[in-house]
Amino acid sequence: MKVAPSMLSADFANLYADIEMVNNSEADYFHLDVMDGVFVPNISFGFPVMQAIAKYAQKPLDVHLMIVNPQNYISQVRDLGAEFMNVHQEACTHLHRTVQAIRNAGMKAAVTLNPATPVVMLEDIVEDVDMILLMSVNPGFGGQTFIPNTINKLQKLRELISKSNNKPLIEIDGGVNAETAPLLAKAGADIVVAGSYVFGSQDPTATISFLKNL
């Protein structure tokens, strides 16, 4: 299993220490959750904080834009050196165009679905993306309870991908912990995003290692 600690749950008064912890851990990515208070009912952080993280990060950036009009920020995300730019299907009127633009900018394109958005909404874009993120909580806040139907949804996504010529990674974000992560691994998730479970634990490095070795 690949692991992407969500920096939303990091200690922003001691951010460098948490960046170094992730750098020295078995984590695969830095997951950066950008919230605008419009698409989701919360505001997180913007480009100044992401630039600070990018300066010291020694692992790829997975930038998850929970914002309206994410296509307006493709060049800025690219300038961070991000590997993945992740946009919500629900936020993109012209999703295919946005995915093309992300790839043309030299990044890998990822698309996210909210909990109530069915997997079938990706049927006509699955051939064009590098990763699909299923939200297993309603986006906007860390520390929420895992939505059990995510397991069924993950299996449906696996079926959809199996019929495709493209094999995007499947990422899960929300409510990942010691109980839910093994279920996700068994159901075929490739990457888990973990915020409060990692940064709220007594030993974040060991927690990342546990997830990594599922």
Any donor-acceptor pair under 3.5 Å linking the side chain of [X] with the backbone of [Y]?
{"X": "Thr180", "Y": "Gly175", "result": "yes"}
{"X": "Asp36", "Y": "Phe39", "result": "yes"}
{"X": "Asp33", "Y": "His64", "result": "no"}

Sequence neighbours excluded, which residues qualify as side-chain hydrogen bond (donor to acceptor under 3.5 Å, both in side chains) partners of [X]?
{"X": "Ser209", "value": "Glu26, Asn213"}
{"X": "Thr98", "value": "none"}
{"X": "Gln89", "value": "none"}
{"X": "Asp79", "value": "none"}

Determine whether [X] and [Y] make a side-chain contact, defined as any pair of heavy atoms from C-beta on separated by less than 4.5 Å.
{"X": "Thr112", "Y": "Thr117", "result": "no"}
{"X": "Tyr73", "Y": "Val34", "result": "no"}
{"X": "Phe30", "Y": "Val63", "result": "no"}
{"X": "Met21", "Y": "Val198", "result": "yes"}
{"X": "Glu159", "Y": "Val119", "result": "no"}

According to salt bridge (charged side-chain N to carboxylate O under 4.0 Å, His left out), who are the partners of Lys2, at least two apart in sequence or on a separate chain? none
Other than Leu169, which residues form its hydrophobic cluster under the rule that side-chain heavy atoms must be closer than 4.5 Å?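 Cluster partners of Leu169: Tyr29, Phe84, Met131, Ile191.
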Tell me who clusters with Leu133, hydrophobic residues only, linked when side chains sit under 4.5 Å apart either directly or through other members.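 Joined to Leu133, directly or through intermediates: Met135, Val137.
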Contact list for residues 184-199, test side chain to side chain donor-acceptor pair (under 3.5 Å), sequence neighbours left out: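 Qualifying pairs: Arg158-Asp190.
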Any side chain to side chain donor-acceptor pair (under 3.5 Å) pairs touching residues 120-134, not counting sequence neighbours? Arg103-Asp130, Glu127-Ser164
Sequence neighbours excluded, which residues qualify as side chain to side chain contact (heavy atoms under 4.5 Å, CB included) partners of Ala189? Met1, Leu154, Ile172, Leu184
Who pairs with Asn69 by side chain to side chain contact (heavy atoms under 4.5 Å, CB included), at least two apart in sequence or on another chain? Gln71, Asn72
Donor-acceptor pair between Ser136 and Thr150 side chains, under 3.5 angstrom: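 Distance-only check fails for Ser136 and Thr150.
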Enumerate, atom names and distances included, each donor-acceptor pair closer than 3.5 Å involving a side-chain atom of residues 49-60, sequence neighbours excluded.
| unit_1 | atom_1 | unit_2 | atom_2 | d |
| --- | --- | --- | --- | --- |
| Lys59 | NZ | Val22 | O | 3.4 |
| Lys59 | NZ | Ser25 | O | 2.5 |
| Lys59 | NZ | Ala27 | O | 2.7 |

